[in-house]
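All remarks here apply to the structure that follows.
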Amino acid sequence: MRTVKFTAVPEIHQANIQRYVGKLLEYNMGESTDNHVSVSQVSQWKKNLHSISKYWGKSDFSLLSNNSEWRKFKSSIKGHYTKKTIDSMATTINNLNATGLLDRYVKRSEIRPYANDKGSKQYIAMPSTIHAKVLQRVIDTVETYHPHRLEISYAMSKSIELRDTELANERSKLNVSSLSKLEASAPNKRVARQANKLGEAIPEYRFDQTGKWVHDILKDCLMCVNLFSGARKTELLSFNHNSYHVIAGVPVLQGKTYKANKGVAKTETWVTHPIALKALELAYDMTQYARDIHKAVLNEAFDNGDITKDAYQRGMRQLSSAFIGTNMGMAFYGKVRSTYLLDLSLGSNLDKFGIVATQEEVDEFNFLNPDWDGEMEVGGSLPKLSLHDLRRSFAVFLVRNRLGNAQTIKYQFKHKNINMSHWYANYAQLARAEDLLLDENLMSEINGAMEELAVEAFDDIYNGSENLSGGGSKDIIKEQEERLGRGETIVMSREEIKALVRNGSKSIVLLPTGGYCTNADCERLCSIDSFAAEDKPCIHLVITDKAAKEMAAQRKRLIEAFTGMNDMGDYAYSRILVGYKEKIRHIEQTLKSHKIPFEPFMQKIKALA
């Protein structure tokens, strides 16, 4: 059973808000054809009523029928909420009107001017190289600490026992029932020294009563599972070490979701990678010490009649998750908690990834995230990071690489010590297998990412690139000249492009080797071969200035590879070197078309000289 909690609502408003939510629930259940209202809907009513009362200062919502109070309310919320929240509040007010609880119907346009412009932007997608860096960081954490997961739990358990003993001895020594912060300082320092020795075989182990050291590893485990599944927050929290299975040779995660199922949990399946199992085992096993302590507190409280059976069962269900709270500081220790699940915010985690954005990464970020254009700077980091940002990054990654083979992806994204290239390359096919479907909402997000990227790509082609090349550029250049000749400032608006993409008139694929293919059904190998040169330009290939810059970087890598292999002087490599040389010269023709300066490649193949 899922619950809606009112503990975050100030006590002065709790009774009123509960009463109004109850009336809304009663009315809407009566209006529903199946006598059902989702838990998320009830939670939204509670949230909106709380938001209305927060700055207005009142919770007798019938007062909003009065024009004077209505003006006070509007003035009170100015600048405090996003347009999305304002719209949601308006909907709840109109629900109160429909229920007969107040005499006012509000149009969204009336209160939207009181919104701020924060938080209304789309979730971000990470540039590919930053995505790879984040992946590498969390996988390194999992690989480093997975062998030590039981040692971590043991060291933390013994350290907390030591802390309890030391503090008890200090209280007895001073003959007091509790210790002041000053009195607890000396025993806590002794505990820290001894506790760190307990975990000295664990890399960088640091005992912390608040569990921060374990908590940081736990967040990396959570991100790892998210990056290899695309699951939502609540779905991630349903996973544990028993969630991983291999079906028909394909690794999957099975967990619970409440989405689109009237608040009732149902089992869903996500295709994943074996690293997810290690992440879940690490998360679950290293937090066993906290799980044992939490369960002991719950059992005692239930036996003493301090909590209800529902609260007890809910706590026990939460403790089956791999992702639970680890804070054992004295302010929380030994007390029943409202939730035992991990805090899911990631904002404070950004610094540890050491992101220093290049110009190319900034350009790609702006391309992927037009809502956030200008908010990532060269030398800076991502403007934010959340689990849903990882989810959107996951969707965009799949879309952008669905034509790449394993070697292409491994090369392009510099995957180091990660056996995941084949998983990425084959994910789209696996996800659509008859018995291995991704959840519908994630598929919808992937389709949405596909549409967004198509619009961005065509906008880049028609309006953003000074030069175009490739066999498919001729007709586009002709159309550009005609429209610009008529005095139009843009060749095709984003609205026009979006309409053509949605009705299927235009489709596009981003090629790993640079440029765009405007034929979605193409089966040519130009998109995946790392060094084949084309004798005849493909009539569907379009290369923009941005893509040409990427190809210039690819040319440099090819020259490095050519030089290293050529220095061996081995005739067996000569055919490969011929291919490299042809590809390098082919790219040089593209660079000329885009007016990108370069030194012509003049090396000869030593084995053939």
Side-chain angles (χ1 to χ4, degrees), residues 1-8 38-40 42-43 46-47 149 152-153 156-157 160 210-212 214-226 229 231-244 253-259 261-268 270 276-277 279-329 331-346 386-388:
M1 181 178 68
R2 300 182 71 192
T3 58
V4 176
K5 298 178 182 178
F6 289 78
T7 51
S38 70
V39 176
S40 61
V42 177
S43 180
K46 182 261 295 185
K47 180 180 177 182
R149 60 194 188 280
I152 292 171
S153 181
M156 289 297 294
S157 177
I160 291 167
T210 66
K212 185 181 184 305
V214 176
H215 180 269
D216 288 346
I217 297 175
L218 203 54
K219 282 291 180 72
D220 277 5
C221 292
L222 182 77
M223 292 178 69
C224 183
V225 176
N226 191 5
S229 68
R232 292 183 199 85
K233 295 178 181 180
T234 54
E235 295 158 354
L236 289 166
L237 292 175
S238 75
F239 294 150
N240 60 32
H241 57 309
N242 294 318
S243 299
Y244 180 89
L253 291 172
Q254 291 184 326
K256 300 295 183 183
T257 184
Y258 296 90
K259 194 72 174 180
N261 200 41
K262 298 183 177 180
V264 179
K266 65 176 180 178
T267 300
E268 191 60 85
W270 295 260
L277 174 60
L280 289 170
E281 287 177 339
L282 171 58
Y284 190 90
D285 290 342
M286 76 172 178
T287 57
Q288 188 58 47
Y289 76 94
R291 194 171 287 103
D292 291 340
I293 292 171
H294 291 323
K295 285 184 175 180
V297 173
L298 272 173
N299 283 324
E300 182 179 359
F302 184 57
D303 291 342
N304 293 338
D306 296 332
I307 58 174
T308 65
K309 185 177 181 180
D310 279 349
Y312 173 78
Q313 291 177 337
R314 180 171 63 253
M316 286 298 186
R317 280 197 304 273
Q318 291 178 345
L319 290 171
S320 69
S321 170
F323 304 109
I324 62 172
T326 58
N327 192 336
M328 294 297 156
F332 301 93
Y333 187 62
K335 299 176 183 178
V336 174
R337 308 190 186 191
S338 59
T339 181
Y340 291 92
L341 296 171
L342 180 70
D343 167 29
L344 297 180
S345 61
L346 299 180
S386 70
L387 286 174
H388 209 111

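All residue numbers in this chain count up from 1 along the given sequence. All figures in this text were calculated on a predicted structure; none of them were measured in a lab.
- Atom CG in Leu342 sits 10.5 Å away from atom CG in Leu236 (nearest 0.5 Å).
- Nearest heavy atoms, Leu218 versus Ala322: CD1-O, 3.7 Å.
- Within the structure, salt bridge (charged side-chain N to carboxylate O under 4.0 Å, His left out) pairs that include any residue of residues 290-300 do not occur (at least two apart or interchain).
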Show me the donor-acceptor pairs within less than 3.5 Å that the side chains of residues 332-339 make with the rest of the protein, sequence neighbours left out.
residue: Tyr333; atom: OH; partner: Asp164; partner atom: OD2; Å: 2.6
residue: Lys335; atom: NZ; partner: Ala331; partner atom: O; Å: 3.1
residue: Arg337; atom: NH1; partner: Asn327; partner atom: O; Å: 3.2
residue: Arg337; atom: NH2; partner: Asn327; partner atom: O; Å: 2.7
residue: Thr339; atom: OG1; partner: Leu341; partner atom: N; Å: 3.2

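- Remark: Tyr289 engages no residue in a ring pair (Phe, Tyr, Trp, His ring centres under 6.0 Å) (not counting sequence neighbours).
- Between the side chain of His294 and the main chain of Gly315, no donor-acceptor pair closer than 3.5 Å is present.
- Within the model, atoms CG of Asp343 and OG1 of Thr326 stand 10.0 Å from one another, a figure rounded to the nearest 0.5 Å.
- The distance from the CZ atom of Phe323 to the CZ atom of Phe239 is 8.5 Å, given to the nearest 0.5 Å.
- Remark: Leu319 CG to Leu298 CG distance equals 6.0 Å, nearest 0.5 Å.
- With sequence neighbours excluded, the residues that form a salt bridge (charged side-chain N to carboxylate O under 4.0 Å, His left out) with Lys212 are Asp216.
- Here the closest heavy-atom approach between residue Ser243 and residue Ser238 is recorded as OG-O, 4.1 Å.
- Nearest heavy atoms, Tyr340 versus Gln318: N-OE1, 2.9 Å.
- Taken to the nearest 0.5 Å, the CE atom of Met286 stands 5.0 Å off from the SG atom of Cys221.
- Side chain of Asn226 to backbone of Leu387: a donor-acceptor contact under 3.5 angstrom is found.
- Here the CD1-CE distance, from Ile293 to Met328, works out to 4.5 Å after rounding to the nearest 0.5 Å.
- Under the rule for a side-chain contact (heavy atoms from CB on, under 4.5 Å), the partners of Ala311 that lie at least two apart in sequence or sit in another chain are Ile307, Thr308, Arg314.
- For Asn299, the side-chain hydrogen bond (donor to acceptor under 3.5 Å, both in side chains) partners are Tyr312, not counting sequence neighbours.
- Contact between Asp285 and Ser153 at its shortest, heavy atoms only, is O-CB, 3.3 Å.
- Side chain of Thr287 to main chain of Ala283: a donor-acceptor pair is present (N/O by atom type, distance under 3.5 Å, no hydrogens or angles).
- When all heavy atoms are compared, the tightest approach of Ser320 to Arg317 is OG-O, 2.6 Å.
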